[in-house]
Participant: 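My questions will all concern the structure given below.
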2 protein chains.
Amino acid sequence: MEEAVESRRIRHRRELHGSIVDEALHQLREGGVSAISLRGIGRSLGMSAPAIYTYFPSLTDLITELIVRCTLSLADALRHALPDSPDSSVERQLRDAPQAYRQWALAHRREFNLIFFDQIIGYSAPESGETVSAQSEMLHVLARPFAELHGYEPADLLSRDDVLDEFLGWWGSFHGLIALEVNHHLDWRNSERIFHRQIEAINGALRGVSGD
Amino acid sequence: MEEAVESRRIRHRRELHGSIVDEALHQLREGGVSAISLRGIGRSLGMSAPAIYTYFPSLTDLITELIVRCTLSLADALRHALPDSPDSSVERQLRDAPQAYRQWALAHRREFNLIFFDQIIGYSAPESGETVSAQSEMLHVLARPFAELHGYEPADLLSRDDVLDEFLGWWGSFHGLIALEVNHHLDWRNSERIFHRQIEAINGALRGVSGD
DNA sequence: TAAAAATAATTAACGGTGTAAGGTTTATCT
DNA sequence: AGATAAACCTTACACCGTTAATTATTTTTA
C-alpha cells in the first residue's frame with residue numbers, strides 16, 4: 001500500500017514542476033523563446049533561480065520539455081480535427097489536416113517557431129530523442145488521412161518508402177506557407193486565400209501524380 | 001574637389017563598419033543569431049563594446065543590417081541561377097529557381113533562419129522597411145520565371161493579384177520543405193529526393209490549374 | 001596657424017542573464 | 001530520535017546590452 005500514497009514531498013515536487021513549465025510557457029508566449037529566463041520564472045514563483053536546478057539540469061532541458069509539450073499540443077489539435085470515425089471522406093480530411101495545422105500555428109506562433117527552428121544557442125538536432133518521438137507522434141496523426149488515401153494502416157506508412165516521401169513532401173508544402181505566415185512574411189496579402197488555393201493545387205497534384 | 005577625396009576618418013569609419021558586420025556574420029554562422037554579441041565583436045576587433053555604438057544604435061540595428069545583407073545574398077544566388085538570357089525554357093527555370101533557393105539555404109542555414117523567423121527579443125515585423133525592400137527584391141528575382149510563364153513583365157507581376165497569389169503559394173510550397181530540411185527535421189530521410197519529387201508535383205499543378 | 005567644434009574612442013557602472021559552490025532548513029526513512 | 005537525502009537559500013563568477021562621463025583625436029572654422 002506504500003505505492004498508492006504520494007508523499008507530501010513528491011506531490012509538491014510534481015506540482016512545482018508543472019508550475020515551472022507553465023510559467024516558462026507563459027514567458028514563451030509573451031516574448032518568444034529568448035524571453036524565457038530561469039530568474040524570471042523564479043521571480044514569478046517566489047523562489048530563487050538556482051532552486052529550479054533541482055527540477056531541470058539546465059535551461060536547455062526545460063526548453064526541451066517545452067518543445068515536447070508544444071509538439072504534443074499540435075498533435076492533439078490535429079487529432080481533434082481528424083476524428084477516427086470514417087464518416088468524413090479522404091478528400092475532406094486532406095483539407096482539414098492542413099487547415100487544423102494552420103489554425104494551431106496561427107494561434108500558437110511562438111510555440112510553432114519553438115518546435116520547428118533551432119534558435120537555442122547550443123542545440124543540436126536530435127538531442128535526447130524526446131522531441132523526436134513527440135514529433136513522430138504528431139506526424140503519425142498528420143499522416144492518417146494520407147495513409148488512408150493509399151489504403152494503408154497509418155502505422156504501416158513508415159514501411160512504405162515511396163508513400164512516406166510523398167507524405168513528407170505534402171507536409172512540407174503547406175508547412176512552408178504557414179511558416180511564412182506565422183512570421184509575418186505574408187501580412188501584405190490575403191494569406192488565407194493563398195493557403196486555400198495552394199492546398200487545392202497540392203492535393204490535386206497528389207491525386208494526379210500518385211501512380212499506384 | 002572636396003567631395004572626391006575621402007577623408008582619413010570616414011574611410012576608416014567605412015572599413016570598421018564593414019569589419020563589424022563581417023565579424024557579426026562570422027558569429028552568426030558559428031552559433032546562430034543568439035551567439036552574436038557586441039562584446040564579442042569588440043573583443044575580436046580589439047575595441048571596446050560601447051565603441052560599436054558609434055556605428056550602430058543598438059544590437060538590433062546591427063542584426064537588421066545582417067538580415068538585409070543575407071537577403072540580398074540570397075537574391076544574388078537566385079539571379080546567378082536565373083540568367084537574363086532566355087535560352088533556358090520556362091520549365092527549366094521553374095525547376096532551377098527552387099533548386100537555387102534550396103542550395104543557398106543549405107549552404108547558409110543560420111542566415112536562412114535569420115531571414116525568415118523572428119527570434120529576436122523585441123523585433124516587430126516591418127521595422128524601418130529596409131528588410132522589407134530587400135525581401136521584395138529577392139522575391140522579384142524569384143518570381144521572374146513565374147512571370148514569364150504567364151507572359152508578364154516581372155515588374156508587372158505585383159499588379160496582377162491572382163498571379164501574385166499563385167506565385168506566393170508556389171514559393172511557400174518549396175520554402176516549407178527547405179525550412180524543415182535546414183532545421184534537421186528531415187535528416188532521417190533522403191530529403192533531396194523528396195524535394196525533387198515535390199517540385200515536380202507543384203510545377204505540374206501549376207500548369208494544370210492556371211486558368212488564364 | 002590657433003582655436004573651436006565635432007567625432008571616436010575609452011573606462012566605469014547598472015541591471016540583466018545562466019550557472020556552480022557551499023551552507024541551511026526540512027521532510028522522509030531506519 | 002537520529003541519520004539521510006532532498007530542496008532551498010545566498011553568494012559569486014562570467015557573461016550580456018546599454019548609458020554616462022571623460023579623454024584623445026581629427027576636422028573645421030576664424
Side-chain angles (χ1 to χ4, degrees), chain A residues 1-21 23-24 26-28 30-66 118-123 127, chain B residues 1-21 23-24 26-28 30-66 118-123 127:
Chain A
M1 210 195 261
E2 44 188 316
E3 58 161 55
V5 293
E6 188 185 43
S7 77
R8 202 172 323 191
R9 205 190 227 162
I10 72 167
R11 187 185 62 236
H12 178 249
R13 181 180 176 82
R14 189 173 43 77
E15 290 172 351
L16 198 43
H17 180 103
S19 297
I20 292 171
V21 173
E23 179 59 31
H26 177 73
Q27 294 189 350
L28 171 70
E30 291 298 308
V33 66
S34 58
I36 303 174
S37 88
L38 293 179
R39 294 187 117 108
I41 293 169
R43 226 174 289 129
S44 289
L45 268 52
M47 65 198 290
S48 74
I52 303 177
Y53 281 78
T54 313
Y55 298 87
F56 296 94
S58 74
L59 175 61
T60 299
D61 296 85
L62 170 55
I63 290 176
T64 298
E65 180 147 337
L66 295 189
D118 32 284
Q119 40 208 346
I120 325 300
I121 192 152
Y123 228 61
E127 313 110 28
Chain B
M1 210 198 263
E2 44 188 318
E3 57 162 58
V5 292
E6 188 185 44
S7 78
R8 204 169 326 191
R9 203 187 227 164
I10 73 167
R11 187 186 64 235
H12 178 250
R13 180 178 177 83
R14 188 174 42 75
E15 290 172 351
L16 198 43
H17 180 102
S19 297
I20 292 171
V21 173
E23 179 58 32
H26 177 73
Q27 294 188 351
L28 170 69
E30 291 297 308
V33 66
S34 59
I36 303 173
S37 88
L38 293 180
R39 294 187 116 109
I41 292 169
R43 227 175 289 128
S44 288
L45 267 52
M47 64 198 290
S48 71
I52 302 177
Y53 281 79
T54 313
Y55 299 86
F56 296 93
S58 73
L59 174 62
T60 299
D61 295 86
L62 170 53
I63 291 177
T64 298
E65 180 147 336
L66 294 190
D118 32 284
Q119 40 209 347
I120 326 300
I121 192 152
Y123 227 62
E127 313 110 27

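Here is how names work: the chains are called A, B, and so on, in the same order as the sequence lines, proteins then strands, and each is numbered from 1.
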Participant: CG/A/Leu62 to NE2/A/His17 distance, rounded to the nearest 0.5 angstrom?
Facilitator: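 Interatomic distance, A/Leu62 CG to A/His17 NE2, rounded to 0.5 Å: 8.0 Å.
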Participant: Working to the nearest 0.5 angstrom, can you tell me the gap between A/Glu15 CD and A/Ile20 CD1?
Facilitator: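 The CD atom of A/Glu15 sits 12.0 Å away from the CD1 atom of A/Ile20.
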Participant: Main chain of A/Ala35, side chain of A/Glu30: is a donor-acceptor contact present, judged purely on distance under 3.5 Å?
Facilitator: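 Answer holds: no.
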Participant: Let me spell it out: for each of A/Ala49 and A/Arg39, pick the nucleotide of DNA chain D with the closest heavy atom. Which residue's pick is nearer the 5' end?
Facilitator: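 Checking each residue's closest nucleotide, the 5'-ward one belongs to A/Ala49.
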Participant: Show, in sequence, the C-alpha distance, side-chain angles and deciding distance for B/Ile63 and B/Leu28, and conclude whether the side-chain contact (heavy atoms from CB on, under 4.5 Å) test is met.
Facilitator: CA-CA 10 Å; B/Ile63 291 177; B/Leu28 170 69; over 6 Å; no
Participant: Is the phosphate of C/dA9, meaning OP1 or OP2, less than 4.0 Å from a side-chain N or O of B/Tyr55?
Facilitator: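 Indeed, a polar side-chain atom of B/Tyr55 lies that close.
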Participant: Starting from P on D/dC8, measure out to CG on A/Leu45 and report it in whole angstrom.
Facilitator: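 Taking CG of A/Leu45 and P of D/dC8, I get 10 Å after rounding.
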Participant: Please test B/His12 against B/Arg9 for side-chain contact (heavy atoms from CB on, under 4.5 Å), starting from the C-alpha separation and ending with a verdict.
Facilitator: CA-CA 5 Å; B/His12 178 250; B/Arg9 203 187 227 164; 5.9 Å; no
Participant: Decide side-chain contact (heavy atoms from CB on, under 4.5 Å) for A/Leu66 and A/Val33; before the verdict, give the C-alpha distance in whole Å, the side-chain angles of both, and the deciding distance to 0.1 Å.
Facilitator: CA-CA 10 Å; A/Leu66 295 189; A/Val33 66; over 6 Å; no
Participant: Taking only N and O in the side chain of B/Ser48, is any of them less than 4.0 Å away from OP1 or OP2 of C/dT11?
Facilitator: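 Indeed not, no polar side-chain atom of B/Ser48 lies that close.
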Participant: Could you state the atom-to-atom distance from CZ of A/Arg11 to P of C/dA27 in whole Å?
Facilitator: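 Rounded to the whole Å, the gap is 12 Å.
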Participant: Without hydrogens or angle criteria, can the side chains of A/Thr64 and A/Asp61 be said to hold a donor-acceptor pair below 3.5 Å?
Facilitator: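 No, no side-chain donor-acceptor pair sits under 3.5 Å.
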Participant: How long is the line joining CG of A/Leu59 and P of D/dC15, in whole Å?
Facilitator: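 Distance, rounded to whole Å: 18 Å.
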Participant: Measure the distance from CG on B/Leu38 to P on C/dT17 and round it to the nearest whole Å.
Facilitator: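 The answer, rounded to whole Å, is 18 Å.
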Participant: Based on the rotation axes of five pairs at each end, what angle does the helix from C/dT1-D/dA30 to C/dT30-D/dA1 bend through, to 10°?
Facilitator: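 Computed from the C1' atoms at both ends, the axes differ by 10°.
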Participant: Looking for any heavy atom pair under 4.0 Å, which part of the strands does B/Ala51 touch: base, sugar-phosphate only, or nothing?
Facilitator: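 B/Ala51: base contact, heavy atoms under 4.0 Å.
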Participant: Below 4.0 angstrom from OP1 or OP2 of C/dT17, is there any side-chain N or O of A/Ser37?
Facilitator: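 Looking at the OP1 and OP2 atoms of C/dT17, one of them is under 4.0 Å from a side-chain N or O of A/Ser37.
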Participant: Could you tell me how far apart A/Phe56 (CZ) and D/dA7 (C1') are, to the nearest whole angstrom?
Facilitator: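 About 15 Å, once rounded to whole Å.
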Participant: How would you summarise protein contacts on nucleotides 19-30 of chain D per nucleotide, using B for base, S for sugar-phosphate only and - for none, with heavy-atom distances below 4.0 Å?
Facilitator: B-----BBS---
Participant: Grab the NE2-P distance between B/His12 and C/dA8 for me, whole Å please.
Facilitator: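 That distance rounds to 10 Å.
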Participant: Do you know the tightest heavy-atom contact between B/Glu65 and B/Val21?
Facilitator: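 Result for this residue pair: OE2-CG2, 3.6 Å.
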Participant: Scan B/Ile36 against the nucleic acid and name what it touches under 4.0 Å (heavy atoms): base, sugar-phosphate only, or nothing.
Facilitator: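 Sugar-phosphate: the residue B/Ile36, judged by heavy atoms under 4.0 Å, touches backbone atoms but no base.
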Participant: Under 4.0 Å, counting only non-hydrogen atoms across every strand here, what does A/Leu62 touch: a base, just sugar-phosphate, or nothing?
Facilitator: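 Touches nothing.
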Participant: Could you check how far CZ of A/Arg43 sits from C1' of C/dG18, rounded to whole Å?
Facilitator: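 Computing the A/Arg43:CZ to C/dG18:C1' distance gives 13 Å.
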Participant: Indicate every side-chain donor-acceptor pair of residues 42-56 of chain B with a distance under 3.5 Å to a residue at least two apart or in another chain.
Facilitator:
| from | atom 1 | to | atom 2 | distance (Å) |
| --- | --- | --- | --- | --- |
| B/Ser44 | OG | B/Glu23 | OE2 | 3.2 |
| B/Ser44 | OG | B/Gly40 | O | 3.4 |
| B/Thr54 | OG1 | B/Ala51 | O | 3.0 |

Participant: Between P on C/dG18 and CE on A/Met47, what's the gap in Å once rounded to a whole number?
Facilitator: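 So the two atoms are 13 Å apart, to the nearest Å.
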Participant: State whether A/Arg13 places a side-chain N or O below 4.0 Å from either non-bridging phosphate oxygen (OP1 or OP2) of D/dA7.
Facilitator: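 So the side-chain polar atoms of A/Arg13 do come within 4.0 Å of the phosphate oxygens OP1 or OP2 of D/dA7, strictly under.
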